[in-house]
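Report on the following structure.
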Number of protein chains: 2
Amino acid sequence: MGRPTTKDLAKAAGVSLATIDRVLNARSGVRQATVERVHAAIKQLNYVRDISAANLARSKDYKLVFLLPSHDDEFIDTILAAISEANTALLHERTQISVIRAPANDPHRIAEEIDGLSTDDVDGIAIMAPETPPVRDAISNLEARGIAVVAFVSSQPNAESADFVGINNEAAGRTVGQLMARFTGERRGAVLVVTDTMQARDSQERRLGFDAIMAKYAPRLRVLASMETYGDPARTAQIINAGFQANPDIAGIYLMNHDLSETMKAVDAQGAPPECVIIGHELTPEARARLRGGSLDAVITQDVGHLVRSSIRVLKAKMASLGTVASQERIRIEITMRENMPENGAPV
Amino acid sequence: MGRPTTKDLAKAAGVSLATIDRVLNARSGVRQATVERVHAAIKQLNYVRDISAANLARSKDYKLVFLLPSHDDEFIDTILAAISEANTALLHERTQISVIRAPANDPHRIAEEIDGLSTDDVDGIAIMAPETPPVRDAISNLEARGIAVVAFVSSQPNAESADFVGINNEAAGRTVGQLMARFTGERRGAVLVVTDTMQARDSQERRLGFDAIMAKYAPRLRVLASMETYGDPARTAQIINAGFQANPDIAGIYLMNHDLSETMKAVDAQGAPPECVIIGHELTPEARARLRGGSLDAVITQDVGHLVRSSIRVLKAKMASLGTVASQERIRIEITMRENMPENGAPV
DNA sequence: TATTTTCTGAGGTACGTGCCTCATAAAATG
DNA sequence: CATTTTATGAGGCACGTACCTCAGAAAATA
């Protein structure tokens with residue numbers, strides 16, 4: 001015979017379907033002793049709720065929201081594409097995804113957006129935002145209102161309720177370090193490290209990992225202090241220029257944030273020597289083109305499609321208070337070079 | 001209002017539910033004109049079948065089978081683990097997975113196993129086997145019997161009906177080539193290429209890609225002819241020994257097949273110099289340990305968990321004759337070094 | 001036109017669960 | 001013991017689809 005159903009459960013526990021239902025859905029009106037009897041039966045029969053049937057009966061759709069930064073860059077675009085792809089794929093599974101945007105550097109606006117969500121509109125939310133006190137509070141409120149939360153790409157280490165879906169940024173930094181150490185062969189010289197801001201926790205962690213490996217495996221290289229662009233093209237051009245002027249022996253460049261177009265433009269303007277090793281993050285269209293053309297040596301990638309789907313799975317699991325297949329939700333730190341670049345379109 | 005249902009369809013097409021049902025499930029007894037009318041309504045309303053409800057009504061489980069080689073090595077073990085993990089995860093989704101085994105080098109036994117499957121026991125099968133005429137024929141028969149097929153890890157290029165779930169092996173070879181070229185710095189010397197057999201298409205493709213990149217980017221290295229172990233430990237020790245004797249200047253070793261324990265043991269016995277770059281395939285426990293210890297520099301990985309889940313998705317989609325989200329089924333060629341190795345357990 | 005054959009509609013039951021109401025049994029309270 | 005409160009059972013409708021039967025309409029054939 002097939003899987004046990006609620007009926008089998010009722011028989012095994014010696015109670016009625018109504019009571020099974022009350023226990024399963026944590027409704028009140030059941031004596032503790034009975035609750036335990038039902039749970040014993042669940043374990044004994046190895047009962048698992050049929051979620052399809054449950055959702056069908058409830059005729060409920062999962063309403064999920066992704067909160068993303070409001071500025072547009074190629075990485076965000078990739079995420080949006082992955083979300084829209086997931087949305088079509090999940091039409092079959094009673095899941096609707098929407099996106100809201102808030103300025104990344106305005107914690108109060110972000111918190112406002114979060115606070116504005118009601119249980120009627122949203123069952124779960126994936127939040128991509130730097131950790132700040134207002135955001136942390138807003139996340140706690142969500143939890144209190146019974147809305148599931150995951151931290152998406154940027155971790156929220158102090159919001160316990162928010163599972164993190166993203167890569168280990170320190171390990172990512174170490175990986176870049178190892179590639180930099182090996183790709184530069186035996187050469188000596190300076191290594192530039194560029195990012196938009198070192199305020200972001202991600203950048204700090206990446207830098208930490210990178211430095212550790214460089215110190216250990218490539219002491220021949222001088223790793224310079226992080227250069228911050230603040231996302232400003234003019235400033236970017238200027239600091240890159242200054243970096244090249246001050247260091248005629250640049251052997252490598254680490255582009256630490258996920259949008260490399262402005263920085264690479266500035267590097268192009270300076271004319272980096274062909275043997276200079278350049279490594280960045282995220283497989284954006286620009287990165288793709290540059291990998292193909294050879295002006296970029298490798299990028300560290302977090303599989304955006306996987307990030308999105310993983311978030312959705314985690315959110316659903318939290319809503320259904322089911323266990324998650326943990327290993328499935330671990331995001332890989334991927335290394336992409338010209339040779340192993342996926343052909344096109346959204347990543348796997 | 002929510003998604004359109006069969007009732008909405010019936011109303012829109014001006015027919016009854018019974019007719020809708022006949023059309024949706026391709027039953028007979030509907031005039032061609034009516035069929036077209038229904039299809040038009042489907043398009044117009046953008047109707048998508050609710051698969052959960054359908055399966056619920058049919059009270060049908062998907063029965064899937066993985067056909068794997070009968071010998072045991074760590075890669076196969078990893079696959080088995082991934083399958084069992086998927087199996088628990090998919091309990092919720094009316095999917096049962098079983099595994100059958102057949103000797104990899106006995107095409108007729110494989111074909112027998114395949115022929116032995118009946119529609120009663122199996123709805124779809126993922127086949128990991130070298131392409132041979134008997135297997136190809138057996139696959140055609142499956143198709144005729146209405147059983148969905150995917151080629152798993154090993155492609156079946158001449159079996160049209162079998163979608164392939166696995167990596168592009170030529171690109172994988174190119175990737176190894178690029179890593180080998182860069183990791184060896186400016187050094188000169190010989191490169192050993194070891195595999196179990198060059199009969200396998202996978203090995204041929206990997207070698208092809210590897211050679212192309214080595215010729216282009218590292219002409220300073222002498223890439224030797226492929227050494228075949230035939231899976232025999234004694235022979236492995238002997239040929240590795242011979243390789244080291246004949247080439248005192250070994251700069252790199254490419255372990256082309258997915259089980260590297262025997263070969264690495266033989267290499268250990270010879271005492272490879274520390275700067276010798278060794279690259280293999282698949283993140284088995286042995287590979288993990290060696291990456292951590294430093295005796296292995298990198299492995300090319302196909303995410304086994306992803307392979308398994310992808311196969312399952314493709315099989316289900318074929319059975320339901322639904323479109324697949326193509327990009328989701330593309331398997332990445334991953335590069336794993338010590339720094340970006342996933343912590344433990346089954347891969348993502 | 002009469003007859004047969006092929007389509008089509010109407011309506012039912014089922015799948016496993018959620019969620020509701022109503023009645024009754026058991027326990028706790030006065 | 002009488003009364004109130006709390007637990008529980010019984011039963012039904014709903015979700016969206018599959019699949020069955022039966023009757024009747026339309027089309028094809030004689």
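First the proteins, then the strands, lettered A, B, ... as listed; each starts at 1. Bear in mind the structure is a predicted one, so any value in this text is a computation, not a measurement.
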Exercise. What pairs with Ser16(A) under side chain to side chain contact (heavy atoms under 4.5 Å, CB included), at least two apart in sequence or on another chain?
Worked result: Ala18(A), Thr19(A)

Problem set entry | ring-ring contact (aromatic ring centres under 6.0 Å, His included) partners for Phe75(A), two or more places apart | His258(A)

For this session: Identify, with sequence neighbours excluded, every residue that meets salt bridge (Lys or Arg N to Asp or Glu O under 4.0 Å) alongside Asp72(A).
Result: Arg101(A)

Exercise. What does Ala18(B) touch in the nucleic acid at a heavy-atom separation under 4.0 angstrom: a base, only the sugar-phosphate, or nothing?
Worked result: base

For this session: Assess the side chains of Lys63(A) and Thr95(A): does a donor N or O sit below 3.5 Å from an acceptor N or O?
Result: no

For this session: Output all residues satisfying side-chain hydrogen bond (donor to acceptor under 3.5 Å, both in side chains) with Glu334(A), sequence neighbours left out; order by chain, then residue number.
Result: Arg332(B)

Exercise. Quick one: side-chain hydrogen bond (donor to acceptor under 3.5 Å, both in side chains) partners of Asp137(B), sequence neighbours excluded?
Worked result: none

Problem set entry | Leu117(B): side chain to side chain contact (heavy atoms under 4.5 Å, CB included) partners, not counting sequence neighbours | Ile100(B), Val122(B), Ile125(B)

For this session: Walking along DNA chain D from 5' to 3', note the first and the last nucleotide with an atom under 4.0 Å from a heavy atom of chain A, and give both.
Result: dA7(D) to dG16(D)

Problem set entry | Covered region of DNA chain C, 5' end to 3' end, by chain B [heavy atoms, under 4.0 Å] | dC7(C) to dG16(C)

For this session: Quick one: which residue pairs count as a salt bridge (charged side-chain N to carboxylate O under 4.0 Å, His left out) with a foot in residues 11-29 of chain A, not counting sequence neighbours?
Result: Asp21(A)-Arg27(A)

Exercise. Considering residues at least two apart in sequence or located in another chain, which fulfil the side-chain hydrogen bond (donor to acceptor under 3.5 Å, both in side chains) criterion with Glu131(B)?
Worked result: Asn158(B)

Exercise. Given that Ala53(A) and Asp21(A) both sit by DNA chain C, which one's nearest nucleotide is further toward the 5' end?
Worked result: Ala53(A)

Under 3.5 Å, sequence neighbours excluded: what are the donor-acceptor pairs made by side chains of residues 31-43 of chain A?
from	atom 1	to	atom 2	distance (Å)
Gln32(A)	NE2	Glu36(A)	OE2	3.2
Arg37(A)	NH1	Ala13(A)	O	2.8
His39(A)	ND1	Val35(A)	O	3.4

Problem set entry | DNA chain C contacts among residues 23-37 of chain B, heavy-atom distance under 4.0 Å | Gly29(B), Val30(B), Arg31(B), Thr34(B)

